[in-house]
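One-based numbering, in listed order, for ligands and for the atoms of each.
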Amino acid sequence: MYILITGCNGQLGNEMRVLSARHPNHRYFFTDVEELDITDRKAVSAFIESNAIDLIVNCAAYTNVDKAEEDEVTALKINADALAVLGSQGVKVIHISTDYIFSGDEHLPCRETDPAAPRTAYGRTKYEGEKRLLAVCPEAVILRTAWLYSSFGNNFVKTMIRLGKEKKELGVVFDQIGTPTYAADLAQAIFTVIESPVWRPGIYHFTNEGVCSWYDFTLAIHELAGITNCQVRPILSEEYTYRTPRPHYSVLDKSKFKKTFNVTIPHWLDGLKRCVKLLDF
Ligand SMILES: NC(=O)c1ccc[n+]([C@@H]2O[C@H](COP(=O)([O-])OP(=O)(O)OC[C@H]3O[C@@H](n4cnc5c(N)ncnc54)[C@H](OP(=O)(O)O)[C@@H]3O)[C@@H](O)[C@H]2O)c1
């Protein structure tokens, strides 16, 4: 297949590039906003046509949760309007969505069929993107994920390593529960979808296995990074000043993905170990 990967300079896009080397049976076109702005309908159509693209993997997004509150218009353009553009090209689409489409008030892992109730501008725009995509491309695959990190780009893992080296003490919230997800494992899941003998459209949840709080995650990061001089303290969300509300419980139920594609998924600690090994600190 001829595969277009958008947002290739981001965490997931970079992991797709790394993994593509192990799948030389396809031809890849890696683009970010400089080469191809996904909001530009004319440019997208021209690119798809001139390169005979069969499949779009959309790794591009407006991902800054705090900035989205101040500029929902731009977030909507990239996270939603562009999905109508990508979905109407007459080619297959794999798109990435988020746990933020849920309220985060539940206490059981969210299924694909659970009602959406986004509490943030980012979540609203991502949910709108899912709807706009499915309206024009009902055969699309949407993978909802959460707590993404990678050896590429800036993320929680790198921040906690930096702070762990700088500070003697660090308060990290223990009342927000989720599943850290290594973007390399999400990229692997995308290849599982691509290489499935039958195209299986629909919405799926994909994260690593297991659950933890940001506090537990930080302890694991510091242990793996050999950081011993920083005391990590569990704090409540109300003790931390968030510019945007964060979901308290955003665990996703991955049963549908595992059953449909007959795969097992690595535990989050396993993913973290592989990622930390690649980091320079
Ligand atoms: N990060 C998380 O914790 C998380 C959690 C759940 C779901 N997700 C979803 O997972 C997907 C991948 O996330 P990620 O962390 O890899 O994102 P990321 O690192 O922020 O990468 C997104 C990339 O898209 C680019 N981009 C922005 N606007 C564009 C446009 N108009 N046209 C083309 N490219 C554009 C960005 O460029 P600039 O940097 O220049 O803007 C960036 O290189 C996204 O759909 C995200 O919503 C992420």
Side-chain angles (χ1 to χ4, degrees), residues 4-19 29-44 47 56-68 71 73-86 93-102 104 110 116 118 120-130 132-133 140-160 176 178-187 189-190 203-208 214 217 244 246-247 250-252 254 268 271 275:
L4 165 63
I5 287 125
T6 62
C8 72
N9 294 340
Q11 299 191 87
L12 180 60
N14 268 295
E15 298 289 1
M16 285 296 294
R17 192 195 296 272
V18 170
L19 205 54
F29 298 80
F30 290 95
T31 62
D32 207 284
V33 64
E34 302 260 296
E35 301 81 36
L36 183 63
D37 181 342
I38 60 166
T39 65
D40 184 338
R41 184 178 283 273
K42 268 193 189 156
V44 170
F47 193 98
I56 301 169
V57 179
N58 182 35
C59 302
Y62 187 108
T63 54
N64 190 315
V65 173
D66 291 327
K67 276 196 186 157
D71 189 5
V73 172
T74 305
L76 193 70
K77 214 173 146 202
I78 298 166
N79 290 344
D81 294 352
L83 269 300
V85 173
L86 297 176
V93 179
I94 299 177
H95 172 60
I96 313 302
S97 192
T98 169
D99 57 322
Y100 272 65
I101 69 133
F102 296 114
C110 294
T120 61
Y122 169 71
R124 282 191 294 274
T125 61
K126 290 294 287 186
Y127 183 47
E128 190 59 30
E130 289 188 7
R132 301 249 185 116
L133 173 59
V141 168
I142 296 176
L143 298 179
R144 292 185 187 139
T145 192
W147 292 30
L148 216 55
Y149 66 89
S150 160
S151 59
F152 300 100
N154 290 319
N155 51 58
F156 187 83
V157 174
K158 290 187 181 177
T159 303
M160 288 302 123
Q176 291 173 27
T179 311
T181 301
Y182 187 19
D185 290 340
L186 176 58
I190 291 170
I203 298 177
Y204 299 90
H205 288 173
F206 182 90
T207 63
N208 278 120
W214 292 110
F217 190 29
T244 316
R246 297 302 201 257
S250 60
V251 178
L252 300 177
K254 303 163 293 288
W268 66 263
C275 180

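- For a threshold of 3.5 Å applied to N or O pairs, the pair formed by L12 and ligand 1 contains at least one separation below that value.
- Among L148, N9, D32, the residue whose heavy atom lies closest to atom 48 (C) of ligand 1 is L148.
- Within a 4.0 Å radius of atom 41 (O) of ligand 1, the protein contributes no non-hydrogen atoms.
- Between D66 and R246 there is a salt bridge, since a side-chain N of the basic residue sits under 4.0 Å from a carboxylate O of the acidic one.
- Between E130 and K126 no salt bridge is recorded (no basic side-chain N to carboxylate O distance below 4.0 Å).
- Annotation for G271 and D185: closest pair CA-OD2, 4.1 Å, computed over non-hydrogen atoms.
- Only one option out of F156, W214, W268 pairs with W147 in a ring-ring contact (aromatic ring centres under 6.0 Å, His included); it is W214.
- When only interatomic distances are considered, the shortest N/O to N/O separation between Q11 and ligand 1 falls below 3.5 Å.
- Considering T74, V33, T63 only, the shortest heavy-atom separation from atom 30 (C) of ligand 1 involves V33.
- For the pair I96 and ligand 1, the shortest N or O to N or O distance falls below 3.5 Å.
- Of the options W147, F206, Y62, Y122, the smallest heavy-atom separation from atom 8 (N) of ligand 1 is shown by Y122.
- For atom 28 (N) of ligand 1, the nearest protein heavy atom is under 4.0 Å away.
- Proximity of atom 34 (N) of ligand 1 to the protein is indicated by at least one non-hydrogen atom lying closer than 4.0 angstrom.
- Taking the six-membered ring wherever Trp is involved, the centroid distance between the rings of Y149 and Y182 falls below 6.0 Å.
- Looking at A43, G129, C8, C59 and measuring to atom 22 (C) of ligand 1, the nearest heavy atom belongs to C59.
- Every atom of ligand 1 with a heavy atom of S97 under 4.0 Å away is listed here by number and element: 7 (C).
- By the 3.5 Å distance cut-off applied to N or O atoms, I38 is counted among the residues near ligand 1.
- Short contacts between ligand 1 and K126, defined as distances under 4.0 Å to a heavy atom of the residue, involve ligand atoms 44 (C), 45 (O), 46 (C), 47 (O).
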